[in-house]
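Values below: every heavy atom of this structure, side chains too, minus hydrogens, waters and symmetry copies. Residue indices begin at 1 and follow the sequence shown.
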Amino acid sequence: LAEERETALLVHQHYMASAFEAGQLKERQETVRSLCRVFGIILDDAMSERLSVLDSAELSNLIGSLETEHKWPEGL
């Protein structure tokens with residue numbers, strides 16, 4: 001019974017962490033979209049597609065770049 005409880009707790013923690021990470025990704029993607037609107041950057045299909053596959057660290061870097069450069073980074 002203790003082993004089953006431990007397994008259930010680990011599964012729950014995994015699902016909670018996954019949900020939290022997914023929420024962070026959505027939030028960062030929306031931040032990028034908002035910054036693009038503010039700076040007049042039109043997201044074309046290729047840029048939107050790229051945005052949808054970036055991980056959390058890449059999104060954070062993109063946000064920082066948009067905040068300082070006010071344009072979509074070359075080569076992204």
Heavy-atom closest contact (D55 atom, L25 atom, distance) = C-CD2, 3.8 Å
Above 12 or not: heavy atoms from other molecules or residues under 6.0 Å from CG of D44?
-> yes
Between the CG atom in L66 and the CZ atom in R33, the distance rounded to the nearest 0.5 Å is 12.5 Å
Drop me the distance from K26's NZ to L59's CG, to the nearest 0.5 angstrom.
-> 11.0 Å
Is it the case that more than 12 heavy atoms not belonging to E58 sit under 6.0 Å from its CD atom?
-> yes
Please round to the nearest 0.5 Å and tell me the distance separating atom CG of L43 and atom CZ of R50.
-> 13.5 Å
Do you know which two heavy atoms are closest between W72 and V32, and how far apart they sit?
-> CZ3-CG1, 4.0 Å
How far apart are the closest heavy atoms of E49 and S52, and which atoms are they?
-> O-OG, 2.7 Å
Please check if the side chain of S65 supplies one atom and the backbone of N61 the other of a donor-acceptor pair under 3.5 Å.
-> no
Any chance CD1 of I42 has more than 12 other-residue heavy atoms, nucleotides or ligands included, within less than 6.0 Å?
-> no
Value for CD (Q29) from CD1 (I63), rounded to nearest 0.5 Å, stands at 9.5 Å
Point-to-point distance, once rounded to the nearest 0.5 Å, from CG of L62 to CG of L35 | 8.5 Å
More than 12 foreign heavy atoms under 6.0 Å from CD of E4: is that the case here?
-> no
Does CD in Q24 sit with more than 12 non-hydrogen atoms of other residues, nucleotides or ligands closer than 6.0 Å?
-> yes
